[in-house]
Structures are given as C-alpha cells and as structure tokens.
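See structure below.
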Amino acid sequence: MVRFLTITLIPILFVLFVANVLEATELNVMNKCWRPDPHWRRVRNPLARCSVGFAGKMTGNIGKGVTQYKVTDPSDDPLNPKPGTLRYTATLIKGKKWITFKRNMKINLHKPLLISSFTTLDGRGVDVHISGPACLIVYKANDVIIHGLKIHDCKAHPPSSVMGPDSKIIQLGQVDGDAIRLVTAKKVWIDHNTLYDCEDGLLDVTRGSTDVTVSNNWFRNQDKVMLLGHEDGYRMPRVRHGYAHVANNYYQGWTQYAIGGSMSPRVKSESNYIVAPESGRKEITWKKRSHGDKMQWKFYSVNDYMEIGACFGVQKGTGKAPPNYGPSQRFTVADAKTVKELTSSAGALHCTRNSVC
C-alpha cells in the first residue's frame, strides 16, 4: 500500500499529506491553503490557487467565464450524454467549467470519459465513486484538476466511439484499464483521490505529458501503481525519461521496487517514509537497461527515512537532479519522520456540510 503526497514528473510532482482531525495536525502547504476555511463549500474556486509543484497555480481554471455545473444524474451515455450527467458537462459544455456533485453517487462509465481543457472535477463534500468498465482520460488537454474522487474497478476496453471535447465523436483505440490516464497532457493537478482495484494501473502519465502534480492521493490494492513515461511494467512509480520529484510519501512495502526507472530518468527522492517488506527485496530503487540506454542514472535520496532494512542502492550518474521550480511551484518539504501523520488522511476526504474539511 502506498500513500502518496507529492510526485513530480517530466516535470511531475507527487505529494501526499493530510490529517483525520484537522485541529490536531500540521497540514502541508496545499491543505493549509483551503481546508481550515469553513466556507470552502460556498466559495470553491480558491482551491485552484493551492497547488504547488510542477503544475503550479491552476489559475487558468478560474476567473472570468467559468461555468459552475452540478452533476445530478449518475447515468452515462457515451454517445448522447444527458443533461445533468458527468459526461454531458465534460464534453458538451465549452470553455472553463467547475464541476461539483449534488449528492453521493456511483457513476459507472460504460466507455472512457475524455476530459477537456480547463475542467475541474471537484468531489469535495460528497462521496463520489467513478468505476468501470471504463474510467478517465486526459487526452491532449491542459489545465485540468481532478479532486476528491474514488476511482476504481476500471477494465480494459476495446476500440470504441465516444462523445469527446467540443461535442465531437472521437474514435478511441484499445484502452488498458487505468483509473486515470494522461496522454500528451499539460498542467494537471490530481489531488485527494482514492484509486484502487484497476485492471492495469492506477495512474499513467504518458506521451510527453508535462507539468503534473500528484498530491494527497491514496493508491491501494494494486500491483501497477503509477507510470511516468510510456512503457508497461510494474510501477510504484516507474519513471521513463523525464524528471520526477518524489517527496513526503509513505511506502508500506513492495514486491519488486518502490521507485523504478528506465531510459535514464532523473529522480529525486526526498523525505519519504519508506518501510521495506518483511521479506524479499529491500532495495527501494530498480533500474531497467533498455536499448540505447547509457545507464546515466540520476537517482538520489535526500533525507529519506527507512525502516526494516530499506536501502536506496547505489546512486549512479553524475551531478544531481534539482527540481528547478519556479516561484509558483516551490514548496517546503516536510521532515520524513512526520510523513505517517501527514499522510494519514490521504485520499478522498470526508467533509461535512457545515465545517472545515
């Protein structure tokens, strides 16, 4: 089981903090930005200014011209979406849209849902499950927030036709059964979601996707957790090419590795709380030699806390891999020994109607 707080890939950032009792814990910079506000439900858009890491502030999702849309109907018609459904607003409403949900609901997607640019899915305050056979794809889209959802039981799906962004029918190829897949996407924030029990992986960030922050999520009951770059295989996460900043995550064992890579990626592991499995492989990292790969690795560990014999292995390559964050992307990484508490309420939050979240 892995509770992720902050990752950064190509550039991407993973992060995963929170607390069960708000008054009794220290919050990370993202949660401090909105969770103590008792009026968060009334004014939701300030959430967009709370992201850090490579996604930066999601200010493109707010401001003039935002359509506030509430999902009232959990049904799904992939080709002729009905008003009130999630697919209707994600495909037929143009421009900036902030999507919330009227009540607790379970949405079974019959075919993949393509999320368009400048879309926010905000599940705060209700219990929203999105399940298969198909799930979410961000394809050639930018400025997307996915927050507060439980996404699970996604299955591989044969080629099909769906209503896509700008009200156009899109022909899709085979999909593998990921909870969320990013394909050539840019500036995406995935925060406070619970992802589990999918046929392939939980999160794939592929084909040149960049400027992604993955924070405060709970990934559970899964072999393949996260792929950063385009290649299959075991991943928790696995980084192919590109850069990942893996910070303040809580790892509770693994089968093959905790952080893997191929094609000479750059990975900075910082202040993670890493508990090795009781038996089996104790080394945290794994590196796959690929054709044309000169093994010029830049994997290194800074202030990670390790238990039960966990070890980072030999750090290869010359130089280091600094995040090179801009002013709107920087954040303070917490001490590794605080990570168990900081990640204790990772995943979709249980927020009441009339209190802080």
Side-chain angles (χ1 to χ4, degrees), residues 9-10 71 73-94 97 99 106-119 121 128-144 146 149-186 188 190 193 195-210 212 219 221-235 237-238 240-241 262-263:
L9 160 76
I10 325 179
V71 177
D73 182 349
S75 69
D76 180 51
D77 186 331
L79 291 175
N80 298 290
K82 294 192 302 181
T85 63
L86 176 59
R87 195 180 294 271
Y88 179 88
T89 184
T91 58
L92 298 181
I93 295 180
K94 296 181 180 180
K97 45 211 170 188
I99 303 169
K106 295 181 180 180
I107 301 173
N108 295 319
L109 295 175
H110 299 299
K111 294 182 180 179
L113 174 62
L114 299 179
I115 300 174
S116 57
S117 296
F118 303 104
T119 296
L121 302 182
V128 178
H129 290 254
I130 295 177
S131 62
C135 289
L136 306 183
I137 299 178
V138 183
Y139 176 69
K140 293 185 178 180
N142 57 274
D143 295 83
V144 172
I146 302 174
L149 304 175
K150 296 177 181 177
I151 307 173
H152 53 90
D153 293 292
C154 307
K155 308 297 183 185
H157 205 276
S160 61
S161 300
V162 300
M163 182 65 72
D166 299 321
S167 305
K168 296 179 180 179
I169 300 297
I170 303 295
Q171 305 298 320
L172 297 177
Q174 170 82 24
V175 295
D176 296 331
D178 301 307
I180 303 173
R181 186 177 185 190
L182 276 55
V183 182
T184 321
K186 184 176 182 180
V188 180
I190 299 171
N193 301 286
L195 285 71
Y196 57 97
D197 287 341
C198 291
E199 185 170 342
D200 188 45
L202 296 180
L203 173 61
D204 278 13
V205 184
T206 64
R207 297 188 183 274
S209 295
T210 188
V212 179
F219 301 94
N221 298 358
Q222 193 74 20
D223 176 19
K224 300 176 181 179
V225 174
M226 186 178 304
L227 174 65
L228 310 180
H230 185 65
E231 182 174 316
D232 292 327
Y234 180 93
R235 48 205 189 247
R238 179 173 180 172
R240 186 176 187 264
H241 299 297
S262 59
M263 298 303 293

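Counting from 1, the numbers follow the sequence of the chain as shown.
From Ile190, atom CD1 reaches atom CG of Leu182 across 5.0 Å, with rounding to the nearest 0.5 Å. The structure places OH of Tyr88 at 13.0 Å from OG of Ser75, a figure rounded to the nearest 0.5 Å. Here the CG atom belonging to Leu195 is positioned 5.0 Å from the CD1 atom belonging to Ile151, to the nearest 0.5 angstrom. Taken to the nearest 0.5 Å, the CG atom of Asn193 stands 7.0 Å off from the CD1 atom of Ile146. Note: Leu109 CG to Cys154 SG = 8.0 Å, rounded to the nearest 0.5 Å.
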Steps toward side chain to side chain contact (heavy atoms under 4.5 Å, CB included) verdict (Val71, Val128):
CA-CA 11 Å; Val71 177; Val128 178; over 6 Å; no

Can Thr91 and Val162 be said to form a side chain to side chain contact (heavy atoms under 4.5 Å, CB included), step by step?
CA-CA 10 Å; Thr91 58; Val162 300; over 6 Å; no

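Surrounding NZ of Lys155 are more than 12 heavy atoms belonging to other residues, nucleotides or ligands, all under 6.0 Å away.
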Side-chain donor/acceptor pairs under 3.5 Å, residues 130-143, sequence neighbours excluded:
| unit_1 | atom_1 | unit_2 | atom_2 | d |
| --- | --- | --- | --- | --- |
| Ser131 | OG | Asn108 | OD1 | 2.5 |
| Asn142 | OD1 | Ser117 | OG | 3.2 |

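For Lys111, there are no salt bridge (Lys or Arg N to Asp or Glu O under 4.0 Å) partners two or more places apart in sequence or in a different chain. Leu79 pairs by the side-chain contact (heavy atoms from CB on, under 4.5 Å) definition with Asp77, Ser161, Ile169, not counting sequence neighbours. Every side-chain contact (heavy atoms from CB on, under 4.5 Å) that Ser116 has, sequence neighbours left out, goes to Lys97, Thr119, Pro165.
Within the 4.5 Å cutoff, no side-chain heavy atoms of Leu113 are placed close to those of Ile107.
The ring-ring contact (aromatic ring centres under 6.0 Å, His included) contacts involving residues 149-170 comprise His129-His152, His152-Tyr196, where partners must be two or more places apart or lie in separate chains. For residues 82-91, the pairs satisfying salt bridge (Lys or Arg N to Asp or Glu O under 4.0 Å) are Asp73-Lys82, Asp76-Arg87, with sequence neighbours left out.
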